[in-house]
Amino acid sequence: MLRRELPLDVTGGRVIRVASGRIAPGPDDTPLQQAQPWPECVQPLAYWHDEPIALSVEEHGGESWPDGRQWLTRLPESWFPLIATALQVAAWLRDHRFCGRCGAPAARLDAEFAMHCHQCGHRNYPRISPCIITLVTHGDAMLLARSPRFPPGRYSTLAGFIEPGESAEEAVHREIHEEVGVSVGRIRYYRSQAWPFPHALMLGFFAEAASRRIRIDGIEIADAAWFHPKRLPQLPPPYSISRALIETHLAEVADGIVQRS
């Protein structure tokens, strides 16, 4: 279990080694290295089952290490918070070594996740980018789509970043209409999930389509179609909120909560 408290007065413990979004395997086939003294360059991260954990962000190597998605498929879901935290903090440390305001080197603070510029006083914190991810339904049917980046045969829910000055609900309507040309009526919030690729926070929604006519944008979406519970394509991986949205809808259909179209 992850405890989000920085182990500040700790001089050693287990370490997660990250390089370019890949995590080194430990001796027990988890992302954790053996307990060891911590050099000054490591970032205290959290407690995992009351054991202090630090993060080592490495510049080189790691080509053969599993990436974040591979770790999430091989470990129980309970590991997701630790892996997500390590990947997001590592990406932040790598990308914010210099002040974004004046360009001077930034220094890591000990008491919190923060990089401080002693030249101009600017301080930055780990970046989190809010996104919406939505399962569009029409009766029992689900509107699923393919990104050009997906593995062959895989379809998923619709997603997109929330733009400046936009509410999450406005982003749901806009993204769905932009990507597949569908207008939606009632929407309801499901739950959120950190998505450390590299620093997104996914806000999950269900949305009811006003019609079933699809018009894909041809850029972000390569294909989209309506699927019924008994005829499904290859679905997103089980650890993803997109899969949770789909499975929740399928369970509601099976329980008779959703009327078949």
Check the pair Glu208, Arg188 against salt bridge (charged side-chain N to carboxylate O under 4.0 Å, His left out), reporting the backbone distance first and the verdict last. CA-CA 9 Å; Glu208 295 179 358; Arg188 64 182 167 101; over 6 Å; no

Under 3.5 Å, side chain of Gln33 to main-chain N/O of Pro25, donor-acceptor pair present? yes

Are Leu144 and Leu235 packed together at the side-chain level, in the sense that at least one heavy-atom pair is separated by less than 4.5 angstrom? yes

State, to 0.1 Å, how close Pro66 and Arg74 come at their nearest heavy-atom pair, and which atoms those are. CG-NH1, 3.7 Å

Here the gap from Ser147 atom OG to Glu179 atom CD, rounded to the nearest 0.5 Å, amounts to 9.0 Å

State whether the number of non-hydrogen atoms from other residues, nucleotides or ligands found under 6.0 Å of Asp9 atom CG is greater than 12. no

Quick check for you: to the nearest 0.5 Å, what is the distance between Ser211 atom OG and His138 atom NE2? 7.0 Å

Scanning both residues in full, the closest heavy-atom pair of Gly100 with His122 reads N-CD2, 4.4 Å

Checking the side chain of Arg94 only, and the main-chain atoms of Gly21 only, is there a donor and an acceptor separated by less than 3.5 Å? no

With sequence neighbours left out, what residues match Glu59 under salt bridge (charged side-chain N to carboxylate O under 4.0 Å, His left out)? Arg97

Quick one: side-chain contact (heavy atoms from CB on, under 4.5 Å) partners of Gln234, sequence neighbours excluded? Arg154

Ring-face cation of Arg69 near Trp71 (centre distance under 6.0 Å, axis angle within 45°): no

Hey, could you give me the OG1/CD distance between Thr11 and Glu40, rounded to the nearest 0.5 Å? 12.0 Å

Do Leu232 and Met142 touch side chain to side chain, with heavy atoms closer than 4.5 Å? yes

Is Ile16 reachable from Met1 through a run of I, L, V, M, F, W or Y residues, each pair having side-chain heavy atoms under 4.5 Å apart? no

Residue list, side-chain hydrogen bond (donor to acceptor under 3.5 Å, both in side chains) with Arg127, at least two apart or on another chain: Ser129

Going hydrophobic residue to hydrophobic residue with side-chain gaps under 4.5 angstrom, can you get from Ile53 over to Leu8? yes

State whether the side chain of Thr85 and the backbone N or O of Pro81 hold a donor-acceptor pair below 3.5 Å, judged by distance alone. yes

ILVMFWY clustering at 4.5 Å (side-chain atoms), partners of Phe150: none

Taking all heavy atoms of Gly153 and all of Pro233, pick out the closest pair and write down the distance. O-CB, 4.0 Å

For Tyr125, what residues pass the side-chain contact (heavy atoms from CB on, under 4.5 Å) criterion, not counting sequence neighbours? Glu112, Ala114, Arg123

Between Leu93 and Val57, does a side chain to side chain contact (heavy atoms under 4.5 Å, CB included) hold up when you go through it step by step? CA-CA 8 Å; Leu93 288 171; Val57 182; 3.9 Å; yes

Salt bridge (charged side-chain N to carboxylate O under 4.0 Å, His left out) against Asp50, all qualifying residues, sequence neighbours excluded: Arg3

Do other residues, nucleotides or ligands put more than 12 heavy atoms under 6.0 Å from the CD atom of Glu51? yes

Residue pairs passing the ring pair (Phe, Tyr, Trp, His ring centres under 6.0 Å) test with at least one member in residues 99-121, sequence neighbours excluded, are His116-His118

Mind checking the CD-CG spacing from Gln43 to Leu6? Nearest 0.5 Å is all I need. 6.5 Å

On the 0 to 90° scale, with breaks at 30° and 60°, tag the Phe206-Tyr190 ring pair as parallel, tilted or perpendicular. perpendicular

Under a 4.0 Å N-O cut-off, is there an ion pair linking Glu169 with Arg186? no

How about Leu2 and Phe80: do any of their side-chain heavy atoms sit closer than 4.5 Å? no

Residue pair Trp65 / Val18: nearest heavy atoms and the distance that separates them: CZ3-C, 4.1 Å

Same apolar cluster: Phe227 and Val253, side chain cutoff 4.5 Å: no

Student check: side-chain heavy atoms of Tyr155 and Asp223 closer than 4.5 Å: yes

For Glu58, check salt bridge (charged side-chain N to carboxylate O under 4.0 Å, His left out) against everything at least two apart and list the hits. Arg17

More than 12 non-hydrogen atoms from neighbouring residues, nucleotides or ligands closer than 6.0 Å to NE2 on His49, yes or no? yes

Check whether any side-chain heavy atom of Asp140 sits under 4.5 Å from a side-chain heavy atom of Leu250, and report yes or no. no

Check whether Thr137 reaches the backbone of Gly139 with its side chain - one donor and one acceptor, N or O, closer than 3.5 Å. no

Compare all side-chain heavy atoms of Trp48 with those of Trp79 and state whether any distance is below 4.5 angstrom. yes

Determine, using the 4.5 Å side-chain heavy-atom cutoff (strictly less than), whether Ile241 and Phe197 are members of one ILVMFWY cluster. yes

Salt bridge or not for Glu63 and Arg22, using N-O below 4.0 Å? no

Which ILVMFWY residues are connected to Leu109, directly or by a chain of links, through side-chain heavy atoms under 4.5 Å apart? none

Between Glu247 and Arg243, is the closest basic N to carboxylate O distance under 4.0 Å? yes

Can you name the nearest heavy-atom pair linking Gly165 to Glu170, along with the distance? O-OE1, 4.3 Å

Can you tell me how far the CH2 atom of Trp195 sits from the CG atom of Leu87, to the nearest 0.5 Å? 11.0 Å

Would you mind listing the cluster partners of Ile214? Hydrophobic ones only (ILVMFWY), side-chain contacts under 4.5 Å, chaining allowed. Ile128, Ile132, Val136, Leu143, Leu158, Ile162, Val172, Ile176, Val180, Val182, Val184, Ile187, Tyr189, Leu201, Leu203, Phe205, Ile216, Ile221, Trp226

pair Cys99-Pro105: side-chain heavy atoms closer than 4.5 Å: no

Reference residue Leu82; test side chain to side chain contact (heavy atoms under 4.5 Å, CB included); the match among Leu75, Thr30, Leu45: Leu45

Note: Asn124 and Trp92 closest approach over all heavy atoms is OD1-NE1, 2.8 Å

By salt bridge (charged side-chain N to carboxylate O under 4.0 Å, His left out), which residues pair with Asp28, not counting sequence neighbours? Arg14

Please check this pair: side chain of Glu252 against backbone of His249, looking for a donor-acceptor N/O pair closer than 3.5 Å. no

Shared hydrophobic cluster for Val258 and Ile246 (ILVMFWY, side-chain gaps under 4.5 Å): no

Taking the side chain as every heavy atom from C-beta outward, state whether Ser56 and Cys41 have any pair of such atoms under 4.5 Å apart. no

Among Ile, Leu, Val, Met, Phe, Trp and Tyr joined by side-chain contacts under 4.5 Å, find the other residues sharing a cluster with Trp38 and list them by chain and number. Val10, Val15, Val42, Tyr47

To the nearest 0.5 Å, what is the distance between OG (Ser183) and NE2 (His177)? 4.5 Å

